[in-house]
Amino acid sequence: MTPTLPMYLILSAVLFCIGVAGVLTRRNALIIFMSIELMLNAANLTFVAFSRFLQNVDGQVFVFFVMAVAAAEVAVGLAIIVVIFRQKESVDIDRVNLMKW
Amino acid sequence: MELILFIIIAVVAVAAALLVILGKNPVYSTLFLVTTFFCLAALYVMLGAPFIGALQVIVYAGAIMVLFLFVLMLLNLRDPQSWDITGRLRRWLGFAIAGGVLLVALAGVKAATSDTPLDPKLGSVESVGDALFSKFLAPFEIASILLLIAIVGVVSLLKRDAGSVKGGR
């Protein structure tokens with residue numbers, strides 16, 4: 001027996017929710033970034049699953065673009081974290097309140 | 001049989017994802033994230049998308065994870081605890097990568113010997129590349145510009161900061 005489309009979608013939803021929980025509950029900026037990566041990957045899994053079951057290659061092309069965006073996002077995000085760490089000696093997001101009024 | 005493999009991979013992926021957000025030490029979180037990425041790569045191979053599976057391993061488990069670990073080590077430099085962990089880290093990283101490669105290989109064997117054969121053209125490098133360079137040519141070029149902007153942004157962010165620190169002292 002082969003796994004069906006709903007199974008892949010449920011797995012993807014579970015992974016996405018774990019990512020959301022990580023972003024909302026953790027205070028370490030690096031862990032928050034990892035959770036964002038988790039959510040992007042959950043979306044990728046949905047794309048590939050639909051690509052397989054709809055017999056259409058466009059979903060896989062979109063995964064390619066998501067990966068390019070994720071790579072750019074991680075590079076810039078980690079650079080920002082390094083800059084913040086140099087100034088605050090911490091990556092705790094509760095201590096980063098420059099933009100709060 | 002394929003269902004059993006799917007369930008194993010799914011359980012490992014969800015457990016590793018939970019450990020990413022629940023773990024105390026960010027180094028271990030990174031390790032478990034590598035495990036999750038390998039599980040997803042195995043699922044992509046099972047879904048008949050070997051090109052995307054290879055990209056997942058190269059881009060996520062390779063490049064992005066190295067970047068995470070690099071920054072982690074850079075930021076924890078003053079914390080002496082982080083130096084004790086590197087020996088154990090190397091061992092566990094080896095286990096995670098070896099286990100992940102095993103999962104991907106198992107998924108590949110299962111996909112090749114499946115009862116319901118996949119369309120071998122869908123998901124091959126040829127068909128993805130064909131769509132990428134014809135139908136999605138403009139987004140592809142824009143993605144390359146995005147990566148260029150990211151490179152320039154990272155360099156300018158970090159370089160200006162280094163200059164100001166030097167000037168401040």
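Chain letters run A, B, ... following the sequence lines, proteins first, then strands; residues in each count from 1.
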Closest heavy-atom pair and its distance - A:Leu15, B:Ala17:
CD2-CB, 3.7 Å
Below 4.5 Å from any heavy atom of chain A, which atoms of B:Ala63 appear? Answer side chain, backbone, both or neither.
neither
Verdict with reasoning, B:Leu43 to A:Val48, per side chain to side chain contact (heavy atoms under 4.5 Å, CB included):
CA-CA 9 Å; B:Leu43 286 179; A:Val48 176; over 6 Å; no
Report which part of B:Phe140 has an atom under 4.5 Å of a heavy atom belonging to chain A: side chain, backbone, both, or neither.
both
For B:Lys135 and A:Asp58, which heavy atoms make the closest approach, and how far apart are they?
NZ-OD2, 2.6 Å
Shortest non-hydrogen contact from B:Ile64 to A:Glu37?
CD1-OE1, 4.1 Å
Are side-chain heavy atoms of B:Phe70 and A:Val82 found at a separation under 4.5 Å?
no
Across all chains, not counting sequence neighbours, the side-chain hydrogen bond (donor to acceptor under 3.5 Å, both in side chains) partners of A:Asn41 are B:Gln56
As an exercise: rank A:Leu30, A:Val63, A:Ile32, A:Val69 by heavy-atom pairs under 4.5 Å with chain B and give me the winner.
A:Leu30
If you count heavy-atom pairs under 4.5 Å between each of B:Asp130, B:Leu67, B:Leu147 and chain A, which one has the most?
B:Leu67
Measuring only between side-chain heavy atoms, which start at C-beta, is B:Val154 closer than 4.5 Å to A:Leu78?
no
d(A:Met34 CE, B:Thr30 OG1) to nearest 0.5 Å is 3.0 Å
From CG (B:Leu146) to CD (A:Glu73), nearest 0.5 Å:
10.5 Å
Is there a chain of hydrophobic side chains (I, L, V, M, F, W, Y, each step under 4.5 Å between heavy atoms) that links B:Ile145 to B:Phe136?
no
Relative to chain B, which segment of A:Ile80 carries a heavy atom at a distance below 4.5 Å: side chain, backbone, both, or neither?
both
Separation of B:Ser124 OG from A:Gln60 CD (nearest 0.5 Å):
8.5 Å
Who among B:Leu40, B:Val59, B:Leu22, B:Leu5 has the most heavy-atom pairs with chain A under 4.5 Å?
B:Leu40
Okay, B:Ile149 and chain A: the region with an atom under 4.5 Å from a heavy atom over there is neither
Once rounded to the nearest 0.5 Å, what's the spacing between atom CD1 of B:Ile52 and atom CZ of A:Phe64?
8.0 Å
Could you pull out the closest heavy-atom pair between B:Leu157 and A:Ala79, with the gap in Å?
CD1-CB, 3.9 Å
Membership question, hydrophobic clusters at under 4.5 Å side-chain separation (ILVMFWY): are B:Leu148 and A:Phe65 in the same one?
no
Mind checking whether B:Phe6 and A:Tyr8 have parallel, tilted or perpendicular rings, split at 30° and 60°?
perpendicular
For each of B:Gly129, B:Pro139, B:Ser144, tally heavy-atom pairs with chain A at distances under 4.5 Å, and name the one with the top tally.
B:Pro139
Would you compute the distance between atom CZ of A:Phe53 and atom CG of B:Leu47 and round it to the nearest 0.5 angstrom?
6.0 Å
For the candidates A:Leu45, A:Val74, A:Val76, which exhibits the highest count of non-hydrogen atom pairs separated by less than 4.5 Å from chain B?
A:Leu45
Atom group of B:Thr36 that falls short of 4.5 Å from chain A, counting heavy atoms:
side chain
Answer key: most heavy-atom pairs under 4.5 Å with chain A among B:Leu18, B:Ile142, B:Ile4, B:Ile151 is B:Leu18
Measure A:Val14 against the heavy atoms of chain B and call it side chain, backbone, both or neither at under 4.5 Å.
side chain
Any idea which heavy atoms bring A:Pro3 and B:Leu3 closest together, and the distance?
CA-CD1, 3.8 Å
Are B:Leu158 and B:Val66 co-members of a hydrophobic cluster defined by side-chain heavy atoms under 4.5 Å apart?
no
Note: B:Ile21 and A:Ala21 closest approach over all heavy atoms is CD1-CB, 4.1 Å
Please look at A:Phe62 and chain B and tell me whether the side chain, the backbone, both or neither of the residue comes under 4.5 angstrom of a heavy atom of that chain.
side chain
Hydrophobic cluster identity match, B:Ile58 and B:Leu102, side-chain contacts under 4.5 Å
no
Separation between CD1 (A:Ile31) and CG (B:Leu33), nearest 0.5 Å, reads 9.5 Å
With a 4.5 angstrom heavy-atom cut-off, could you sort out which part of A:Asn44 is near chain B: side chain, backbone, both or neither?
both
